[in-house]
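Here the structure comes first, spelled out in structure tokens, and everything after it is commentary.
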Amino acid sequence: MTSERYNPRESEPHWQKVWNENQSFALNEESEKPKYYVLEMFPYPSGRCHVGHARNYTMGDVIARFKRAKGFNVLHPMGWDAFGMPAENAAMQNNAHPKEWTYKNIESMKEQLISLGLSLDWSREFATCDPEYYHQQQKLFLDFLSKGLVYRKSSKVNWDPVDQTVLANEQVIDGRGWRSGALVEQKELTQWFFKITDFAEDLLDEIANLEGWPEKVRLMQSNWIGKSEGLLVRWALDEHTAPEGHSELEVYTTRPDTIFGASFMAVAADHPLAQAAAKDNPELQAFIEECRRMGTSVAALETAEKKGFNTGIHVKHPFDDSWTLPVYVANFVLMDYGTGAIFGCPSGDQRDLDFARKYELPVVPVVMPKDADAASFEIGDEAFTDDGVMINSKFLDGMTPQEAFDEVARRLENISINNREQGERKVNYRLRDWGVSRQRYWGCPIPIIHCDNCGVVHVPDDQLPVELPDDVTFDKPGNPLDHHPTWKHVNCPNCDSPARRETDTMDTFVDSSWYFARFTAPRAKTPTVRDLADHWLPVDQYIGGVEHAILHLLYSRFFARAMKETGHLSVTEPFKGLFTQGMVTHETYKSEAGDWIAPTEIDLKEEDGKREAVLKDTGKPVKIGSIEKMSKSKKNVIDLSSMSESFGADATRWFVLSDSPPERDVQWTESGIEGVWRFIQRVWRLVDDAKQILDNENIGPKAQMDAEDLLKSAHRAIDQVTDAYDNLRFNRAIAQIYELANAISKSMAKIKGDAAGDERKGLKFAIETLVKLSNPIVPHLTETCWAHLGQDTLLVDESWPEADQKYLTDDTIMLPIQVNGKKRAELTIAKDATKAQIEQAALSAEPIARMLDGNAPKKVIVVPGRIVNVVI
RNA sequence: GCGGACGUGGUGAAAUUGGUAAACACAAGGGACUUAAAAUCCCUCGCCCUAACCGGCUUACGGGUUCAAGUCCCGUCGUCCGCACCA
């Protein structure tokens, strides 16, 4: 008799040790079983794991354990996304070296992950800051460079003058550096770029085939790539007004059909024509300066008024030599999209209309709704952007905009200006090449040497990796690699004359763009081992936060393509299945003074349905705030270890998957985890009670318990839980497991220590099923239960149970009977009853007969196995 | 502004994809056991009417399609997410 409670603090470390000794999760490369690669987005080693991490890794772990039991050879590795800013910030604040800080964090987080009981093959672990890893990344960089997939160009960046570094757009808040608070400057820097735009078309096309991805993410990627089909149109400059050396203005448009509605041209402030016009026009110069300053702030962009400056330059209309249009410099035209110049058609574009009204430019409608009257159709405050029919457009009149588009394209392609076609079809993408240079220390060094004689020189293979020096200081702003007294000074590998190392390091998104491939051969002396990568990739199920829906996933898709071109892989798409899980949230608390208070510092009570919180120490009232994503600043982070210590890893794992669908946020609550704790104890008692019954050979027959019912419950649970796991619907799986547990409880209450052979068989099967179905979520508890039931195998080695079809269907079924679509009665009838039999039985059922009151129904709809609807 | 998702009890949610709305759980209330507490077990729990049965209403709101709508269509309101002057 085990009257003791289940003690996770004893059993969890025990089973972790057993699994480890048995190498239960080490991958067998020789296995003949079908492969399954499950991967969770690897963590940044910030120092501590919270229950949000637990949710992500538990989901992957449930899939991994489930697939293993179903007979797959499962690859389930873990590593660390270990380069990045926080390590340098810690270095500056706490005088800790980024390397030591990072590896120390990895150590403590690894301990936490191990205590969660994840079925990981730890022998494949690596951190992206391991020289062995970034060594291979440097090789990839050089291979890409040789293939023309990497190039250098000068581009504008957000420059923080205090921290002396480049900032990403999201690090610029209201025009200021997020850390220093300094006004961000636009600065021209020569940077390294990956040619992701080379693959724009393919990256877009293949989205259609990513059927295992959420629709939302596919859409976000499509929008991000932003394909548009349009026309380049070269407008001749009116020679009397053209600046010296300029004879045409090339614009990009997706609406060439509206060319007769054009009333002005607009160019970006940085457009060469604007520059030329500003040469001896100080007013225009001032305007251009103003446009540039506005560039960075998001808030400014939102509210900024459309402004323009008339350059005095005119262009000639391609279809009417005598028609000239003014050229403006406009603050809403972007230099790096299209050609940095547009033609404005006020009637067909809201921005152009606003602009035209402001500067009193003509507004000629060229498209009107099909049923409108051309003579009276006018544009008011709103441009007409819908489909319709062409008007006021000479030879285009009467056409649809699409026909007009093609006609204008055809005609312009046949006119030549400055010896080139005046119009040219052109596909444009919003996607830009990926700038990867960062003026940072804690990142992968770019393996390049700059030589005055030879230019850009690859670091030779035998000199890789270019390792980060350890002896760096963070006491002044800027890049420590650049300050280092000796590191950057090397001789040119070509000509041996003094040269300089590239001191920029790579964007940390590079590190995470191929780690999934590296896991297939983590210790290889090449970036991948082709056979192994081809065998394991693509990742069958990838799991992570939706915040990576665009950049990380797009970069990884680019890397797969680039690695394919350089011979490192065969797949183009790295992730077959993608799942984006919701966050774990928690209530927030604030003191009367407005300071955030941690959940551990308060006591909660509830009176008359009103919840109140007070400070544990002082008893002072605390304001209960909104439910927020866990964050250090709001102090609502629930640490993983503290939960594991009080309730166990299994309870934590169960909680984060229960109740809420996995793609949605789940709220962490005290009462919730306590409820799970009670359930864990309940399973344990249930197993122990069952064991008492099963072990007792002397109990006699008693017909109260129907073994068939229990078998049905168990088989139905197998069927439904399996389906739920297959579709990552963990909350559904949990509900089904609860139901099975309830069914077993009920049956056992009836048995009361007196069961015959059949009943015992039913109970044995049901209780073992309960244990097996729960195993992926609560592996320690179920392993303990399995052993307690007298099994001498390990549950991790057991195969997944199969539902027996014969228990899934009944001989008789219950059919709801509706009258006029509303349920009025239930009918129990043989499964194979004919429609006529069902109809007859339905009509004579008591409440139905009463409602019919002797009259014949208008109509009876019988859907066999589903429902009966009587229309009266 | 453009694009997308969503809206179901006190709460988290389920609903085989057009077929019994509210499974499962949390919270709450009542009871049993106990000297007492914890733990456990049993009962109630969408709203209205009723002593109870019976009944009526109910999936943000308004309309529609259908024998039948939480599910499909149109409109309104609200919440959340992505992009943000992309020509």
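Chain letters run A, B, ... following the sequence lines, proteins first and then strands; every chain starts at 1.
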Which whole-number value in Å describes the distance from [X] [atom1] to [N] [atom2]?
X       : N      : atom1 : atom2 : value
Q350(A) : C86(B) : CD    : P     : 12 Å
R716(A) : A23(B) : CZ    : C1'   : 12 Å
L554(A) : G82(B) : CG    : P     : 17 Å
R729(A) : A15(B) : CZ    : P     : 4 Å
D665(A) : U11(B) : CG    : P     : 18 Å
Y328(A) : C85(B) : OH    : P     : 23 Å
Q720(A) : A23(B) : CD    : P     : 15 Å
N727(A) : A14(B) : CG    : P     : 14 Å

Given that both distances must come in under 3.5 Å, which nucleotide forms a Watson-Crick or G-U wobble pair with [N]?
N      : answer
C45(B) : none
C2(B)  : G82(B)
G7(B)  : C77(B)
A23(B) : none
A87(B) : none
U40(B) : A32(B)

Quick one: does [X]'s side chain have a donor or acceptor within less than 3.5 Å of a partner on [Y]'s backbone?
X       : Y       : value
Q667(A) : H586(A) : no
D665(A) : V584(A) : no
T311(A) : V327(A) : yes
H271(A) : V333(A) : no
Q422(A) : R234(A) : yes
S747(A) : I744(A) : no

Side chain of [X], heavy atoms from C-beta onward: which of [options] has the nearest atom to it?
X       : options                : result
N869(A) : G19(B), G82(B), A14(B) : G19(B)
R866(A) : U16(B), A39(B), A27(B) : U16(B)
E739(A) : A23(B), C67(B), A14(B) : A23(B)
L334(A) : C24(B), A87(B), C26(B) : A87(B)
R685(A) : C41(B), A21(B), G19(B) : C41(B)
Y337(A) : C86(B), G82(B), A27(B) : C86(B)

Distance, [atom1] atom - from [M] to [N], rounded to whole angstrom:
N      : M      : atom1 : answer
C45(B) : G10(B) : P     : 15 Å
U50(B) : C41(B) : P     : 37 Å
U17(B) : C72(B) : C1'   : 11 Å
G29(B) : U11(B) : C1'   : 16 Å
A87(B) : C81(B) : C1'   : 26 Å
A5(B)  : G62(B) : P     : 24 Å
G64(B) : G70(B) : P     : 15 Å
U40(B) : C54(B) : C1'   : 38 Å

Please determine whether a side-chain nitrogen or oxygen atom of [X] lies at a distance below 4.0 Å from atom OP1 or OP2 of [N].
X       : N      : answer
S660(A) : A13(B) : yes
K822(A) : C57(B) : yes
K216(A) : A5(B)  : no
R664(A) : A13(B) : yes
R678(A) : A25(B) : no
R351(A) : C86(B) : yes
N731(A) : A14(B) : yes
Y738(A) : A23(B) : no

Touch check for [X], heavy atoms < 4.0 angstrom, all strands: base, sugar-phosphate only, or nothing?
X       : result
V863(A) : base
V333(A) : base
L219(A) : sugar-phosphate
D349(A) : nothing
R432(A) : base
R824(A) : sugar-phosphate
N428(A) : nothing
Q818(A) : base

(message) Can you see whether W684(A) has R5(A) sitting over its ring - NZ or CZ less than 6.0 Å from the centre and within 45° of the normal?
(response) no
(message) Minimum heavy-atom separation for A341(A) and E250(A), please, with both atom names.
(response)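 Heavy atoms of A341(A) and E250(A) come nearest at CB-O, 3.6 Å.
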(request) Grab the two heavy atoms, one from L361(A) and one from F264(A), that are nearest each other, plus how far apart they are. (result)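 Of all heavy-atom pairs spanning L361(A) and F264(A), the closest is CD1-CD2, 3.6 Å.
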(message) Give me syn or anti for G78(B), where syn covers glycosidic angles within 90 degrees of 0.
(response) anti
(request) Would you classify U66(B) as syn or anti? Syn applies when the glycosidic angle is within 90° of 0. (result)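 That one's anti.
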(message) On RNA chain B, compare the nucleotides closest to W224(A) and D336(A); which residue's is nearer the 5' end?
(response) W224(A)
(message) If you assign E674(A) and N223(A) each to the RNA chain B nucleotide with the nearest heavy atom, which residue ends up on the more 5' nucleotide?
(response) N223(A)
(message) I'd like to know if K306(A) reaches the base of C85(B) with its side chain such that a donor and an acceptor end up less than 3.5 angstrom apart.
(response)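 Indeed, a donor on one side and an acceptor on the other fall under 3.5 Å apart.
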(message) Under a 3.5 Å cutoff, is there a donor and acceptor pairing between the side chains of S228(A) and N428(A)?
(response)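 Their side chains do not contain a donor-acceptor pair, so the 3.5 Å distance test is not met.
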